[in-house]
Structure formats: C-alpha cells, structure tokens
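A quick write-up on the structure given underneath.
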Amino acid sequence: MEQITGAEALMLSLKAEGVKTIFGYPGGSIMPTYDALYDYTMGEKKAFEHILVRHEQAAAHAAEGYARVSGKVGVTLVTSGPGVTNTLTGVADAMMDSTPIVVIAGQVATNVLGSDAFQEVDLVSVSQPITKWAYQIRRAEDIAWAVSRAFYIAKSGRPGPVVLDFTKNAQTQKFDYKPTKVDFIRSYIPSPEPSAETIQAAADLLNAAKKPMALVGQGVELGNAQEELKEFLEKADIPAGRTLMGLSALPSNHKLNMGMLGMHGSYSVNLKEQEADVIIAIGMRFSDRVTGDLKRYAKQAKIIHLDIDPSEIDKNVKTTVAVIGDCKVSLPALTALVNKADHSDWKESFQPLRQKEIDNVITPATKPTSGPLLMGEVAHDVAKATNSEAILVTDVGQNQMMSARYFKYHKSRSIATSGGLGTMGYGLPAAMGATYGAPDRTVCCFMGDGGLQMVIQELGTIMEYHIPVKMVLLNNNFLGNVRQWQDMFFGHKRSFTPMTNPDFGKIAEAYNIPFCRVSKREELADAINEMINTDGPFLLETIIKPDANVEPMTAPGQAVNEMMLNVEC
C-alpha cells in the first residue's frame, strides 16, 4: 500500500465518518491539511464541500447550526493560535447546549512545542474545561484513531464538542494508513441503561398524580424521541411546557403543548408549575432561567427527572425519582407502565391563564393596529408566511425571545439558538450552517442590530456561496435586552446601550444581497413575501419600536409564579 501523508489520512478519516461539509479558515499551521483538502473538494477525489468563513468564530457557530438541524456532527477546520482561540466561544457554546461539533486545529511541530513558537497556544489545556474531549495528535499513526474517537465522543450520549490539536509534523509525515473505528471506550458509558426500579417508581408517582406536568427539553430531540414523547404524554394525558432549546420537540399545535417555560415563557406554564403535584422533566437541566428562585421552585411537587447525564441529577433541583438513560429507551418503558389517564379538569385550568396572556400580551404584540412596528408581529408574520415549516435561527437578546415565542414549530429540529451561553453573534453563522444541514428547508435568521454587527463580515460568506438565509433584522438602535433591564432595574440609566447604526441597505448592496427596509405596518406583508420568494439570501430590515419590552417576564430573584404579564419600567 502506498504511504500517504497525515493530512490525507485526515481526509480519509473524515470521509469515513460521513462528513460532507466543513466550515473553516486556513493558516500557517494547518496549511498541509488545506493542501490535501484541495484534492478532496475540487479534484478527482472530491468528497467534501468547504465553506470559507470570514472569521473562525463563525466557523464554530456554523458547525453548531449544521449539527443542530441535521443531527449530525458539525466540523470546523482552522489554524493554530488565534485561529483556534477564535473558535473557543463557539466551543463553549456547543458545550453548554450539548451540540456535537469537532474542531480540528493546526498546531506547531512537536519539536518546538512549549517554546512560544509563532502562533503556538496550549490548546488542550485551554479547551479541556469546555469540551467533552481535547487531544493533541503528534504522530500521523494516531490520526485515524483520534478522528474516529472524536466523532464517537461528540455524538454519543449527551453530545458535545471535541477539539483535535493537529501538529504540523503529523500532517506531513508519511505512513501506512489503516482505517480505524472506535465505538467503545473503557470507563465511558454514554447511554446508561435505565433501571426497571426507577421506571416503576416514576410510573407509580404519575399514576397517583392529580396534577401532573411535563417539562420537555432538547434532550428529546437529541435522543430522536419525539414520537416516544407524544405517545407518553397522550397516554398519561399530561400537559407539557417546553424549554427554549426544546421548543420543536413537541409540535406547537399539539393538544398537550401549553407553551414555553422560562423567564419570558408562557404565563400559564410558569404559574402552573407551582401547582403541579408531580413534575416530570425530560431531557432538560433545570436552568436558572426556567426555575426562577430555586428556594421557592415547585416545593409542592414530587420531581421525576429523565436524563442521559447523571451529573444533571440533583444539580439544581432535588429529585424524587431519577431515571438515568436515553429517553429513546426510558420513555417507551415508562409509557408501558403508566395508566391511560384523563386529566381534563387539570388541563382546562390552564385555559383562563392562557387567555389572559392572549388578551394582555400576545394580541397586542402580534396584531397591533397603530404605532411603530413590533418585534412580535414581525416574527408572527414571518412564521405565517412560511406556513410554520421554516427553521428558526436566532441571535441573542430581545430578537431571540420574541421570535422564539411567536414562531411555530411543526417539525422537529426547527430551532437553533444559543441557550446556555447566550452568545451574541451566534445567529448569522449558525443560520449559514443550518442551510447546509437542512438544504430542503427555509432558514429564517432573526437578529438585532447589535448581534448582526458582531459577525457582519459573514455577509461575505453568504455572498460567495449564495447561501439562502432569510435574514430578518429587528432594528431598534439599541442593545435592546440590556436596555430593558436598565429601564427596569437601573433607574432608566441607559449606559452605553443606544447604538448609531450604519446604512444596512448599502452594506447589503456591497455584498450583492437583496435588501428591503420596512418601517410601516402596511409594507410588512409584501416585504416578507418578497424575502421568502427570493432565490438565495435576503436581508429584511424592520424598523421597530425602540423601547418595546419582551413580555411576560419573571424578574431575577422572583419565583416563577410571580411572573409579570406586563413589564412596568
């Protein structure tokens, strides 16, 4: 067998893992790999599509977006030093949100490691706290094993990011390549087998419950257990709230879907958590944005927690019964043991609270008759124009909360957002990745004027590859979420939140991206239709009310049942 370089071995190893798309940016220490990549993207050996981003952070976020909507591992290829440190925000984001990505970074040669060589950084030490695994490849012979192990770790169990530090000499060494498949690691148990005893104990609690409630998280989608979830909820007749990350795990129009959990979630769901006698949390981590004041959270309820990660059990909320395992396995086992139930009275008790929110918040936010454009109506109208079939990608801030609240989700894997880390600048590159992860679906990216300008250079990537992202800019000339908190809690001292923005239309024109600016309500429908029906990318700038607030809201330190329907500033 003819010997090949480590760089080509990487190509063969990625091909063996089924990789089709790579998001990256070349540089000195990864140049041998990019030399090999040329033949695998443009030559006879073509196997991949490489997307040249304009900043390495965008490569990591694009890989996240790809992974979130496809269920596959996203791949990023960058150089050493600042190249890979630029990706670490995306790596941390992926770790917080359980997103499977593999970041492959060039590194200086082994003979100069530790010498402060040009663009050297101790990547393994830097990245270990924010990855599932970080490893330095020093020999070409280790490439096949390391890549296979990286993909296995990234996608198995609770998914997450892996970083491979690829020394330059390992890229150039020639050796006899042998394919390797890693599907077992001693002491690593990615999917514990749920115990029959805990499943029975959970079933007993649910069968005795008068006011059961389910909290549905992203773990359901990560486990591909959407159908198992519906079968369980329908048999046990349990009303459900969904976390921000788990919004598309249960269709918006499902009869047992009561709305979104959390600080800016649904009024009825937040209040009813404090009445439920049994709460079953499925693939969610009891984030502080969901629980509010932990000392007063659901003290009346027995808690059942289904999760694949044992470290989440009792981390924030003390459980009565913990079922550790993949919900794809534990949910059907639990469904078999629960009684066919009828909780009509309990479900109907949500309705007055839901109607109160409709009257006081939803209708005014989505169907105003006068005044400036509102974030809610833009999100509502875009969702309607796409028949609620589109993928929603958001940035972070008011745009995130309002679009998540007013979009509808009929298909699984329909939302990509930065939940745990709350990364401004996530939206645009994640949307780019999402179009490659789900090429047959429309991808709508909602951004604020602050978040867009953190990654505005990626309009160049969109231009070059004609990436069909439908970009919706909610422009209020503020860092809106911070401004809302300043008005509420800091006496209206708007410290460095007003923004003087550029002419986004001229910027779009420079990047040859179709553009429309809307400030009047009567112009909105036609502009949205133009955006949806345009082949390729489109930037729709909407000029929205500058001091509009996200409602309802549970303020920091409040219990979830102290949620304010209308925010008083």
Side-chain angles (χ1 to χ4, degrees), residues 23 25 51-62 65 86 89-90 372-373 375 378-379 382 392-400 402-403 418 423-436 442-483 496-520 523-524 526-546:
F23 304 94
Y25 201 97
I51 307 305
L52 176 66
V53 297
R54 298 317 192 245
H55 190 282
E56 292 91 351
Q57 181 177 339
H61 291 322
N86 281 341
T89 294
L373 283 173
M375 294 176 281
V378 176
V382 171
L392 170 66
V393 182
T394 84
D395 207 79
V396 167
Q398 289 184 319
N399 67 88
Q400 176 185 36
M402 296 299 275
S403 59
S418 175
T423 306
M424 285 183 67
Y426 169 92
L428 187 59
M432 297 187 320
T435 64
Y436 288 94
T442 299
V443 175
C444 295
C445 179
F446 278 74
M447 303 169 286
D449 40 307
L452 170 58
Q453 291 181 86
M454 287 192 170
V455 289
I456 200 166
Q457 73 282 342
E458 295 311 316
L459 293 175
T461 310
I462 290 171
M463 173 185 66
E464 179 171 350
Y465 298 97
H466 200 61
I467 302 174
V469 179
K470 309 306 180 184
M471 297 166 277
V472 182
L473 172 60
L474 302 175
N475 187 357
N476 57 8
N477 291 291
F478 270 106
L479 297 176
N481 211 46
V482 182
R483 191 275 310 154
F496 298 100
T497 48
M499 298 187 73
T500 300
N501 288 319
D503 186 327
F504 291 107
K506 291 180 179 178
I507 292 173
E509 182 182 5
Y511 285 106
N512 199 28
I513 293 173
F515 170 85
C516 182
R517 179 184 292 112
V518 173
S519 60
K520 297 178 181 179
E523 301 169 339
L524 183 60
D526 287 344
I528 291 173
N529 287 331
E530 181 185 359
M531 175 181 72
I532 298 301
N533 293 316
T534 295
D535 181 26
F538 194 99
L539 176 58
L540 172 60
E541 180 184 10
T542 58
I543 308 302
I544 58 171
K545 185 179 180 182

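By the side-chain contact (heavy atoms from CB on, under 4.5 Å) test, A431 is found to be paired with V393, V443, C445, V469, residues two or more places apart in sequence or in another chain being considered. The side-chain contact (heavy atoms from CB on, under 4.5 Å) check on K520 picks up E522, E523, with sequence neighbours excluded. For the side-chain hydrogen bond (donor to acceptor under 3.5 Å, both in side chains) test, residues two or more places apart in sequence or in another chain that qualify with E541 are N475, R517.
Taking the side chain as every heavy atom from C-beta outward, M447 and V472 never approach each other to under 4.5 Å. Side-chain contact between V53 and H61 is absent, with no heavy-atom pair separated by less than 4.5 Å. Using a 4.5 Å cut-off on side-chain heavy atoms (C-beta onward), L473 and T542 make no contact. Counting heavy atoms from C-beta on, the side chains of L428 and M471 come closer than 4.5 Å. Side-chain contact between Q398 and N476 is present, with heavy atoms from C-beta onward closer than 4.5 Å. T423 places a side-chain heavy atom less than 4.5 Å from the side chain of Q57. In this structure, V382 and L392 have side chains that are not in contact, with every pair of non-hydrogen atoms separated by 4.5 Å or more. Contact of the T461 side chain with the E458 side chain is registered, since non-hydrogen atoms from C-beta on lie closer than 4.5 Å.
Closest approach of G450 and M424 over heavy atoms only: C-CE, 3.7 Å. For F496 against L479, the heavy-atom pair with the smallest separation is O-CD1, 3.9 Å. Between Y436 and I51, the closest heavy-atom pair is OH-CD1, 3.2 Å. Between A60 and G90 the shortest heavy-atom distance is CB-CA, 3.8 Å. Here the closest non-hydrogen pair linking G448 and N399 is N-ND2, 3.4 Å. Across every non-hydrogen atom of T394 and S403, the tightest pair is CG2-OG, 3.4 Å.
Applying the salt bridge (charged side-chain N to carboxylate O under 4.0 Å, His left out) test to every pair with at least one member in residues 526-540, sequence neighbours left out, gives no pairs at all. For residues 459-471, the salt bridge (charged side-chain N to carboxylate O under 4.0 Å, His left out) pairs, not counting sequence neighbours, are R54-E464. For residues 446-483, the pairs satisfying ring pair (Phe, Tyr, Trp, His ring centres under 6.0 Å) are F407-F446, with sequence neighbours left out.
Atom CG of residue D449 and atom CG of residue N477 lie 5.5 Å apart, to the nearest 0.5 angstrom. To the nearest 0.5 Å, atom OH of residue Y426 and atom CE of residue M454 are 16.0 Å apart. Distance check: E509 CD to L539 CG gives 12.5 Å after rounding to the nearest 0.5 Å. Considering CZ of F515 and CG of L540, their distance stands at 8.0 Å, rounded to 0.5 Å. To the nearest 0.5 Å, atoms CG (L459) and CD1 (I507) are separated by 7.5 Å. Distance CD1/I513 to CE/M463: 7.5 Å, rounded to 0.5 Å.
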Taking it one step at a time, do N86 and Y25 satisfy side-chain contact (heavy atoms from CB on, under 4.5 Å)? CA-CA 11 Å; N86 281 341; Y25 201 97; over 6 Å; no

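For the residue pair Q400 and N481, no side-chain donor N or O sits within less than 3.5 Å of a side-chain acceptor on the partner.
Remark: N512 CG is loosely packed, at most 12 non-hydrogen atoms of other residues, nucleotides or ligands lying under 6.0 Å away.
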